[in-house]
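Below: one structure, written as structure tokens.
If you read the sequence from its start, that first residue is 1, and numbering goes on from there. Remember, it's 1-based here, ligands and their atoms both numbered in the order they're listed.
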Amino acid sequence: MTVDLDWENLGFEYHKLPYRYLSYYKDGKWDEGKLTEDATLHISESSPALHYGQQAFEGLKAYRTKDGSVQLFRPDQNAARLQRTADRLLMPQVPTDKFIDACKQVVKANEDYVPPYGTGATLYLRPLLIGVGDVIGVHPADEYIFTVFAMPVGNYFKGGLQPTNFLIQDDYDRAAPHGTGAAKVGGNYAASLMPGDIAHNTGFSDVIYLDPATHTKIEEVGSANFFGISKDDEFVTPLSPSILPSITKYSLLYLAEHNLGLKPVQGDVFIDDLDRFKEAGACGTAAVISPIGGVQHGDNFHVFYSETEVGPITRKLYDLLTGIQFGDVEGPEGWIYKVD
Ligand code: PLP
Ligand code: COI
């Protein structure tokens, strides 16, 4: 039985659900972890997560299928990325089994909030790893909290599979050339708040960042990766050490090649060569696939496919990806984890 919410009109907003998972790392090991009804974290005022940004997070979704069951999409990949992020910030890794088990426990405990099949809505999971305890020098923490909470969500960008416009930002970067851009850490998002605000206040969905060293190539969107479909049917995504390695992007690279016969290319996307693309989009867990109508760069406004219509290849990729996620289409082996 599901609760009564306006599923079709959910935005991407926090919603306090009954249960979340919490595990504590102390004396060099994780405790077993448990579900709790307490939605407040009680941590030391000197926690390194608060002062020095020693924290990391993830984002993944649970999907209700036509037969009423619930499944996760590639949670092992989120676990692996959190482990890489943990390494970068000298935090203990959360083992993959523990990560997936925590996600499943949270989904099961809040199952009434997993949106019904057919509404397009999903249950968004937010795993969070933070350094806590009494540390005031710039050092890694001795103690850590790993928590997973969840909420039902709808579209991240207005209209879902509707093209929206994005602002190419020259004045701000989200990450440095050898910084933490490839890690999913709050600091990257802190750096993106001001440019994101400028974009939103001027009517754009989000920022597209350029490579921080030369500002000549597209890197990624503030909350998603960038992809373009070239006029000779390549599925192109930027290759850079400072963008977040998007699980959705890697999934689309695979599907574009194996299901749609496109050539997958990870390489440079120069901003003065956007005419090579007939379609473009933003992809990510929250964003799913959001078509990019046009991009503003200085005084120049470039339209990819259309500001109002979705390109045919973008639509095919969307149908395929969401078909797999909601269980209507068989995906590659190992992509779907059932929550039983
Ligand atoms: N890039 C950024 C900056 C993001 O925040 C996200 C969201 O997680 C992505 C890309 C997409 O990654 P994924 O497809 O793994 O959700
Ligand atoms: C996600 O897609 O899971 C993200 O973390 C993006 C976030 C900015 C909402």
Under 3.5 Å, is there a donor-acceptor pair between the E219 and S242 side chains?
yes
Would you say D4 has more than 12 foreign heavy atoms packed within less than 6.0 Å of its CG?
no
Heteroatom proximity flag, Y156 to ligand 2, N/O under 3.5 Å
no
I need the atoms of ligand 1 closer than 4.0 Å to a non-hydrogen atom of I247, numbered in the order shown.
13 (P), 14 (O), 15 (O)
Within a strict 4.5 Å, meaning less than it, do heavy atoms of the Y19 and Q105 side chains meet?
no
Atom 6 (C) of ligand 2 [closest protein heavy-atom partner, distance rounded to 0.1 Å]
S223 O, 3.8 Å
Test side-chain contact (heavy atoms from CB on, under 4.5 Å) applied to I229 and F277, F304, F235, the passing residue
F235
Heavy-atom distance to atom 4 (C) of ligand 2: which of Y124, F12, Y189, F57 wins?
Y124
Using a 4.0 Å heavy-atom threshold (strictly under), name the region of R81 that reaches ligand 1: side chain, backbone, both or neither.
side chain
Determine whether a donor-acceptor pair (N or O, by modelled atom type, separation under 3.5 Å) exists between the side chain of S205 and the backbone of F166.
no
Is there a donor-acceptor contact under 3.5 Å linking the side chains of D211 and S240?
no
Ligand 2 and G284, any nitrogen or oxygen pair closer than 3.5 angstrom?
no
What do the steps show when you test K184 against L82 for side chain to side chain contact (heavy atoms under 4.5 Å, CB included), and what is the final call?
CA-CA 7 Å; K184 201 157 170 65; L82 184 61; over 6 Å; no
Which of the numbered atoms in ligand 1 are under 4.0 angstrom from any heavy atom belonging to K184?
4 (C), 5 (O), 6 (C), 7 (C), 8 (O)
Ligand 1 to T285, heavy atom cutoff 4.0 Å, flagged ligand atoms 13 (P), 14 (O), 16 (O)
Just to be sure I read this right, does ligand 1 sit under 4.0 Å from the backbone of S223, its side chain, both, or neither, counting only heavy atoms?
backbone
To the nearest 0.1 Å, how far is atom 2 (C) of ligand 1 from its closest protein heavy atom, and which atom is that?
E220 OE1, 3.4 Å
T248: numbered ligand 1 atoms lying under 4.0 Å from its heavy atoms:
13 (P), 14 (O)
Without hydrogens or angle criteria, can the side chains of Y250 and N225 be said to hold a donor-acceptor pair below 3.5 Å?
no
Atom 2 (O) of ligand 2 - nearest protein heavy atom and its distance:
A286 N, 2.8 Å
Can we call the ring centroids of Y156 and Y124 under 6.0 Å apart?
no
In terms of atom number and element, which parts of ligand 1 are under 4.0 angstrom from non-hydrogen atoms of Y189?
2 (C), 3 (C), 4 (C), 5 (O)
For ligand 1 and K249, I'd like to know whether there is a polar contact (N/O to N/O, distance under 3.5 Å).
no
Give a yes-or-no answer on whether the side chains of Q83 and T96 include a donor-acceptor pair shorter than 3.5 Å.
yes
May I ask whether V329 and L317 are part of the same hydrophobic cluster, defined by side-chain heavy atoms of I, L, V, M, F, W, Y residues being less than 4.5 angstrom apart, directly or through others?
yes
Which of the atoms of ligand 1 are close to G222, meaning less than 4.0 Å from one of its heavy atoms?
3 (C)
Going by heavy-atom distance to atom 10 (C) of ligand 1, choose the closest among C283, S251, A224.
A224
Please confirm whether K184 comes within less than 3.5 Å of ligand 2 when only nitrogen or oxygen atoms on both sides are compared.
yes
Determine whether the side chain, the backbone, both or neither of R126 has a heavy atom under 4.0 Å from any heavy atom of ligand 2.
side chain
